[in-house]
Amino acid sequence: MDIFLISDNHVSQSQEMPDTVPVKGFLWIDATHEEVAADPEAWRSAIEAATGVQIYDPHMTDTLNPNHPSYFDSTQDYGMVVFRKLMLNGAAGVGAAGNGNLRSPANDEDKTAAVLPPATDSEGSKRKIPAALSKLATQPVTFLIMDHALVTVHERYSRTIDATRTRLLELCNKTEKGPHAIRLPASPEDLLLRLINAMVDQYLDLRQPLTTQLDRWQRALLDPRRPFKDWMALLDARIELRKLENLCEEQHDAMQELRDYFVDIDDGIEISRAKDLLLVRINDVMEHITRVLNHARRLESSIESAVQIHFSAVAHRTNEIMRTLTVITALFMPLTLITGIFGMNFEVMPLLKSALGFWLTMGGMALVVVVMLVFFQRRRYLESQALDRR
């Protein structure tokens, strides 16, 4: 567990929970689910001693629930936000850092080296999810917003929180001034919105790989040379996109309730300009969530359109095949009639014993075929085939 005391121009880190509420600045108390679950009552007592706020039992249960959806709730003493963020690929298989400060893998290559296990449906069978869609696995991050503290509880590996912690650790040792200095969060609400905004931006980064994956499927669906066989993967893609759509709707509702909470409260935000800045930030976060939601809906609509175009193309090819077979059948019907007539068991038939009978019959059959082809061409029965050959 990491504790940061953030003031106007100074950041200090401590591994021990303070016994009193800070007079200046605010606390950022960061813990993992494992640390809280080890002794929930002791952790809650430490939070109460450091902030003067007692966390209610239902909120403690929600904090430790790994399947909790995004939502917002508030009491007279604090507000609670549960926000589902993208899970770090391969996080479960990477060991924790020794000092407990940097709990993420060492570099980006390590982050993406491992692959998430296949998803499982309601019947227990494993589903094969494409690489782009496997990145949509999420995990909850709980934020407790208090007057002089922000408490975060998350899984062991969180790329966003680790990056923020790293920047704060750099500021513990040096003070950078000038236009390139990092502006510290002014309040717990400011830090909360910065973290959530970075989490939402990770969803925006998935737009390109998701679009590329669906473009491949669209080309495969419309490829006449190869039959499309990845129907289960396509179905799984629709399921995952629907989950993403529901997830964005839950996130948007939670942010809307958080915005109303910021509008209603007066404690902790004394300056109207600071309050307006928070509202601008949260509106920006909601706009980013809306962009992800709209993109998920467009991708889902693109899949449905591609499937409809695929079946239309299959029906078109079937019609072309049936057209070809119909033309061949129509051409051979009179020829079959002629051969059937000359196959009758009559003793006297015209041209049967003539030396030119065979050639006259063959010429007549060829003339019938040519006449029928000319007729079909003028009636435009063969027009689409001619265009395809061109």
Side-chain angles (χ1 to χ4, degrees), residues 1-8 11 21-22 25-33 36 47 50-51 53 55 59 62-63 68-86 138-155 158-168 171 182-203 248 250-271 273-289:
M1 183 165 54
D2 295 329
I3 300 96
F4 292 91
L5 176 59
I6 305 174
S7 58
D8 294 337
V11 178
V21 179
F26 66 95
L27 290 175
W28 177 26
I29 304 173
D30 181 54
T32 64
H33 287 147
V36 177
I47 295 295
T51 62
V53 176
I55 304 175
H59 290 166
D62 295 339
T63 300
H68 204 287
S70 300
Y71 96 118
F72 172 80
D73 194 12
S74 62
T75 66
Q76 293 181 353
D77 299 325
Y78 64 92
M80 180 178 182
V81 178
V82 178
F83 193 88
R84 297 198 67 88
K85 64 177 289 295
L86 289 177
T138 60
Q139 61 187 10
V141 180
T142 303
F143 301 90
L144 299 174
I145 316 163
M146 304 174 186
D147 291 342
H148 298 282
L150 175 66
V151 181
T152 57
V153 182
H154 55 89
E155 292 294 335
S158 177
R159 179 171 48 188
T160 302
I161 293 180
D162 288 340
T164 304
R165 186 190 302 111
T166 302
R167 288 196 295 269
L168 292 178
L171 292 176
I182 301 176
R183 189 176 65 86
L184 294 176
S187 62
E189 293 82 2
D190 189 7
L191 178 58
L192 164 72
L193 293 180
R194 291 190 185 190
L195 292 173
I196 292 180
N197 186 61
M199 294 175 185
V200 175
D201 288 343
Q202 295 177 6
Y203 288 93
C248 291
E250 294 171 354
Q251 292 175 346
H252 191 275
D253 292 341
M255 292 299 101
Q256 181 65 47
E257 294 180 4
L258 179 63
R259 184 182 184 280
D260 297 339
Y261 175 75
F262 286 165
V263 171
D264 294 338
I265 64 173
D266 295 328
D267 297 338
I269 306 177
E270 300 177 355
I271 304 175
R273 183 177 180 182
K275 189 172 184 178
D276 292 340
L277 179 59
L278 288 179
L279 295 179
V280 170
R281 283 186 176 273
I282 198 169
N283 287 334
D284 182 66
V285 172
M286 295 173 62
E287 191 270 337
H288 285 190
I289 295 175

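Side chains are part of it too, since the values below use all heavy atoms of this structure and drop only hydrogens, waters and symmetry mates.
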Looking at D284 and V280, would you say the former's side chain and the latter's main chain have a donor-acceptor pair under 3.5 Å?
no
Can you check whether D260 reaches F72 side chain to side chain, under 4.5 Å on heavy atoms?
no
Note, L195 side chain near T164 side chain (heavy atom, < 4.5 Å)
yes
Only counting residues at least two apart or in another chain, list the ones meeting side-chain hydrogen bond (donor to acceptor under 3.5 Å, both in side chains) with T160.
Q202
Are D62 and Y71 linked by a side-chain donor-acceptor pair shorter than 3.5 Å?
yes
Correct closest heavy-atom pair for P69 and V82 would be O-CG1, 3.5 Å
Evaluate the side-chain proximity of I196 to Q251: yes if any heavy-atom separation is below 4.5 Å, no if none is.
no
So T63 and M80, side chain to side chain contact (heavy atoms under 4.5 Å, CB included) or not? Walk me through it.
CA-CA 9 Å; T63 300; M80 180 178 182; 3.5 Å; yes
Under 3.5 Å: donor-acceptor pair, side chain of H252, backbone of E287:
no
Heavy-atom closest pair (F83 atom, F143 atom, distance to 0.1 Å) is CB-CE1, 4.2 Å
Does any N or O in the side chain of S70 come within less than 3.5 Å of the main-chain N or O of R84, such that one atom is a donor and the other an acceptor?
yes
Close side-chain approach of M146 and P188, heavy atoms under 4.5 Å
no
Less than 4.5 Å apart, side chain to side chain, heavy atoms only: is that true for V11 and F4?
yes
Looking at every non-hydrogen atom in both residues, tell me the closest pair between M255 and I282 and how far apart they are.
O-CD1, 3.4 Å
Is the closest side-chain heavy-atom distance between Y203 and I289 below 4.5 Å?
no
Do L193 and F262 have side-chain heavy atoms sitting under 4.5 Å apart?
yes
Consider only side-chain N and O atoms of R281 and N197, and report whether a donor and an acceptor are under 3.5 Å apart.
no
Close side-chain approach of V141 to M199, heavy-atom, < 4.5 Å
yes
Please walk me through it: do L150 and I145 pass side chain to side chain contact (heavy atoms under 4.5 Å, CB included)?
CA-CA 5 Å; L150 175 66; I145 316 163; 4.3 Å; yes
Any ion pair linking R165 and D162 (charged N to carboxylate O, less than 4.0 Å)?
yes
Which atom of T75 lies closest to which atom of H59, heavy atoms considered
CG2-CE1, 3.7 Å
